[in-house]
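Heads up: the structure comes next, in structure tokens.
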Amino acid sequence: MGFIQVQMVDGFISSDWWKKVIKHFIRINDKFEIRCWKDEISEINQALLYGSLLEDDNEVSIKGNVNQELLNELLYSPEPIDKNLYNKMTKYFTINIANDLCEFSSAHYGTELYINNVSKEDTEVFKDIMLPYWDGFSISIGDLDVRL
């Protein structure tokens, strides 16, 4: 099993690549966690349509299982228009997914991805998805089975 780490370096890339990656790696009934800052009221209210609320000091966490409505939102919602600090791919600060394909984390509004326990086949699919966008990212792909 391997890992993929992605950091966006081109602040003007559209969210097409992100949605293609989501479409491949996220499935109905996957366990999810969406994390938002406490002041992101609209985003929290939207995420609460899909899961249950947990709070800590600085963030709000919504947990549940991916349903068709959440998947549609991730795949078909327009890009966020608030791009002052980040070229946001999604309105959610962090999206964590656990499924039989991998452990998936979309961080900093989708400008970073961490995909762990990913198969060689899914790594190749990822490379094919990212090929047109490759120069806009710092990408690290490796094998977790490497022994020192």
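These values consider heavy atoms only, across backbone and side chains, with no hydrogens, waters or symmetry-generated copies.
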If a pair satisfies ring pair (Phe, Tyr, Trp, His ring centres under 6.0 Å) and one of its residues is in residues 63-96, list it, with sequence neighbours excluded.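 Pairs touching residues 63-96 that pass the test: Trp37-Phe93, Tyr86-His108, Tyr86-Tyr109, Phe93-His108, Phe93-Tyr109.
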Please name all residues satisfying side chain to side chain donor-acceptor pair (under 3.5 Å) with [X], sequence neighbours left out, ordered by chain then number.
X      : answer
Ser140 : none
Asn72  : Gln68
Gln5   : none

Which atom names give the shortest non-hydrogen contact between [X] and [Y], and what distance separates them?
X      : Y      : answer
Arg35  : Ser61  : NH1-CB, 3.2 Å
Met1   : Asp143 : O-OD1, 3.1 Å
Tyr114 : Ala107 : CE1-CB, 4.2 Å

Validation: residues 124-133 side-chain donor-acceptor distances under 3.5 Å, sequence neighbours left out:
residue	atom	partner	partner atom	Å
Glu124	OE2	Lys127	NZ	3.3
Tyr133	OH	Lys20	NZ	3.1

Can you list, pair by pair, the side-chain donor-acceptor contacts under 3.5 Å of residues 41-48, counting residues two or more places apart and other chains?
residue	atom	partner	partner atom	Å
Asn45	ND2	Ile41	O	3.3
Gln46	NE2	Tyr50	OH	2.9
Gln46	NE2	Glu73	OE1	3.1

Once side chain to side chain contact (heavy atoms under 4.5 Å, CB included) is applied, do any residues pair with [X], and if so which ones, sequence neighbours excluded?
X      : result
Asp10  : Phe12, Ile13
Ser138 : Gln7, Val9
Lys38  : Glu55, Val60

Distance (rounded to the nearest 0.5 Å) between [X] [atom1] and [Y] [atom2]:
X     : Y      : atom1 : atom2 : result
Phe32 : Asn65  : CZ    : CG    : 7.5 Å
Met89 : Thr111 : CE    : OG1   : 8.0 Å
Ile95 : Ile26  : CD1   : CD1   : 8.0 Å

Sub-4.5 Å side-chain heavy-atom contact between [X] and [Y]:
X      : Y      : value
Ile34  : Leu70  : yes
Ile97  : Arg27  : no
Leu113 : Phe104 : yes

What residues form a salt bridge (Lys or Arg N to Asp or Glu O under 4.0 Å) with Lys88, not counting sequence neighbours?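 With sequence neighbours excluded, Lys88 shows a salt bridge (Lys or Arg N to Asp or Glu O under 4.0 Å) to Asp82, given in chain and number order.
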What residues form a salt bridge (Lys or Arg N to Asp or Glu O under 4.0 Å) with Glu79, not counting sequence neighbours?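 Checked Glu79 against salt bridge (Lys or Arg N to Asp or Glu O under 4.0 Å); matches are Lys83.
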Going by the side chain to side chain donor-acceptor pair (under 3.5 Å) test, which pairs reach into residues 96-106, not counting sequence neighbours?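 The answer is Trp18-Ser106, Asp30-Asn99, Glu33-Asn96, Asn96-Ser105, Glu103-Asn117.
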Let me check something: do Leu49 and Ile22 share a hydrophobic cluster, defined by ILVMFWY side-chain heavy atoms less than 4.5 Å apart, either directly or through other members?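 Yes, one cluster joins them.
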I'd like to know if Leu75 and Ile115 are part of one continuous hydrophobic network [Ile/Leu/Val/Met/Phe/Trp/Tyr, side-chain heavy atoms within less than 4.5 Å].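 Ile115 and Leu75: one cluster.
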